[in-house]
Amino acid sequence: MPNHKTDVITETTFLVPAMDCPSEEQMIRMALSSLITHSMSFDIPNRKVVICHSEDPSEVLAKLIPLNFGAVIQSNKAIDQSILVSAVSDPAEQSKERQVLIWLLVLNGAMFFLEIIMGWLAQSAGLMADALDMFADAAVYGVALYAVGKVASHKLKAAKLAGVVELFLAAGALWRASYQIYVGAQPEANTMIWISVLALAVNVTCLFLISKRKNDGVHMRASYIFSANDVLANLGVIIAGVLVAWFSSPIPDWIIGLLIGFLVLSGAIRILRLR
């Protein structure tokens with residue numbers, strides 16, 4: 001078993017060539033959640049991460065390698081642990097986190113049911129895929145709700161469960177889009193557009209609710225990033241609906257349905273790779 005030297009703190013700088021957006025940052029935070037890390041500083045433009053940790057740098061690197069971001073150690077040095085201040089859990093702050101996450105869970109759950117029903121009635125692969133994406137987000141918010149006040153190992157196990165759920169949802173989204181293509185279903189463009197506008201309003205509300213708490217921990221950061229990604233998915237379905245109406249063709253709906261399915265699948269695979 002590895003020998004965690006909790007009395008020695010090392011500051012290691014990692015080069016991460018494939019880290020080019022907040023989603024990669026989130027995956028790195030989750031990958032390292034089982035280690036004793038004291039601080040992380042991300043420089044996305046320069047593809048660097050500076051981590052203060054108690055383990056050997058090689059142990060930290062071993063957690064990053066499965067992400068396939070090309071991480072390598074650039075430098076490391078021992079630092080005086082007196083300059084680090086341990087964060088103290090505040091029950092009042094945890095209560096606020098729970099309240100925010102409950103609202104996020106309710107809003108995403110409600111939109112899932114609305115989108116899946118209306119997507120079915122409108123024969124829209126895009127709407128149904130977006131509904132499953134909303135359900136995947138509800139799973140992430142549920143994990144975050146569970147993680148409030150929990151130790152890192154519990155957070156990682158919960159994240160893995162969310163990854164399994166997302167995997168099944170991605171399979172469902174891809175299957176439905178493929179079925180729509182097989183039967184040549186013609187979606188109802190107006191329903192696609194207006195339901196997606198409502199979903200967009202819900203996701204913007206979610207972003208507003210969580211924006212003040214996005215730095216409260218890996219679980220809250222994950223919630224913020226998934227909501228931000230949802231806004232892009234909503235805009236994609238709206239654009240697809242406009243193109244369906246403009247060209248009288250179902251192809252834009254099929255394309256956005258497949259793209260959202262692969263988006264959910266990508267997130268699931270990355271979470272399941274975490275160690």
Side-chain angles (χ1 to χ4, degrees), residues 2-90 93-94 96-97 100-101 140 143-144 147-156 158-159 162-163 207 210-229 266-267 270-271 273-275:
N3 180 25
H4 298 309
K5 299 178 180 180
T6 56
D7 57 333
V8 176
I9 296 177
T10 304
E11 180 184 274
T12 304
T13 299
F14 294 89
L15 289 178
V16 189
M19 183 182 69
D20 56 11
C21 69
S23 61
E24 278 82 17
E25 174 186 338
Q26 172 59 14
M27 297 306 299
I28 290 171
R29 289 181 182 274
M30 293 180 70
L32 300 181
S33 63
S34 62
L35 300 181
I36 303 174
T37 56
H38 305 276
S39 68
M40 297 186 203
S41 176
F42 289 81
D43 181 357
I44 293 178
N46 292 312
R47 312 295 198 271
K48 292 184 180 181
V49 184
V50 180
I51 304 171
C52 293
H53 54 91
S54 294
E55 286 84 359
D56 186 86
S58 62
E59 293 182 48
V60 181
L61 181 61
K63 295 287 185 177
L64 298 178
I65 288 176
L67 297 177
N68 293 323
F69 293 161
V72 295
I73 296 174
Q74 183 182 50
S75 64
N76 61 72
K77 62 181 180 180
I79 62 172
D80 186 351
Q81 59 184 313
S82 65
I83 68 174
L84 296 173
V85 180
S86 298
V88 179
S89 297
D90 186 341
E93 290 301 308
Q94 291 181 9
K96 291 178 182 178
E97 283 186 29
V100 169
L101 289 167
V140 171
V143 167
V148 175
K150 296 294 193 303
V151 297
S153 60
H154 288 170
K155 294 179 183 180
L156 185 59
L207 278 176
I210 204 172
S211 61
K212 294 181 180 180
R213 313 210 65 85
K214 66 179 180 179
N215 295 319
D216 286 358
V218 61
H219 54 303
M220 299 301 286
R221 180 72 174 169
S223 301
Y224 181 84
I225 289 173
F226 277 98
S227 287
N229 288 340
S266 175
R270 286 187 173 185
I271 289 175
R273 282 178 175 172
L274 297 179
R275 295 291 183 269

| request: Among Pro57, Ser54, Cys52, find the one that has a side chain to side chain contact (heavy atoms under 4.5 Å, CB included) with Thr10. | output: Pro57
| task | Give, for atom CD of Glu55 and atom CD1 of Ile9, the distance between the pair rounded to the nearest 0.5 Å. | result | 11.0 Å
| message | What I'd like to find out is whether the side chain of Asp43 reaches to under 4.5 Å of the side chain of Val50, using heavy atoms alone. | response | no
| Sequence neighbours excluded - salt bridge (Lys or Arg N to Asp or Glu O under 4.0 Å) pairs with any residue from residues 65-75 | none
| remark: Residue set satisfying side-chain contact (heavy atoms from CB on, under 4.5 Å) with Leu15, at least two apart, ordered chain then number -> Lys48, Val72, Gln74
| field | Contacts of type side-chain hydrogen bond (donor to acceptor under 3.5 Å, both in side chains), residue Ser41, not counting sequence neighbours | value | none
| task | Could you list the residues that satisfy side-chain hydrogen bond (donor to acceptor under 3.5 Å, both in side chains) with Thr12, not counting sequence neighbours? | result | His53
| query | What is the minimum heavy-atom distance between Pro17 and Gly70, and which atoms define it? | reply | CD-O, 3.0 Å
| Rounded distance [0.5 Å steps], OG1 in Thr13 versus CG in Asn46 | 11.5 Å
| field | Phe14 vs Ile51 side-chain heavy atoms within contact, under 4.5 Å | value | yes
| task | Locate the shortest heavy-atom distance separating Ala71 from Leu61; write the atom from each residue and the value. | result | O-CD1, 3.4 Å
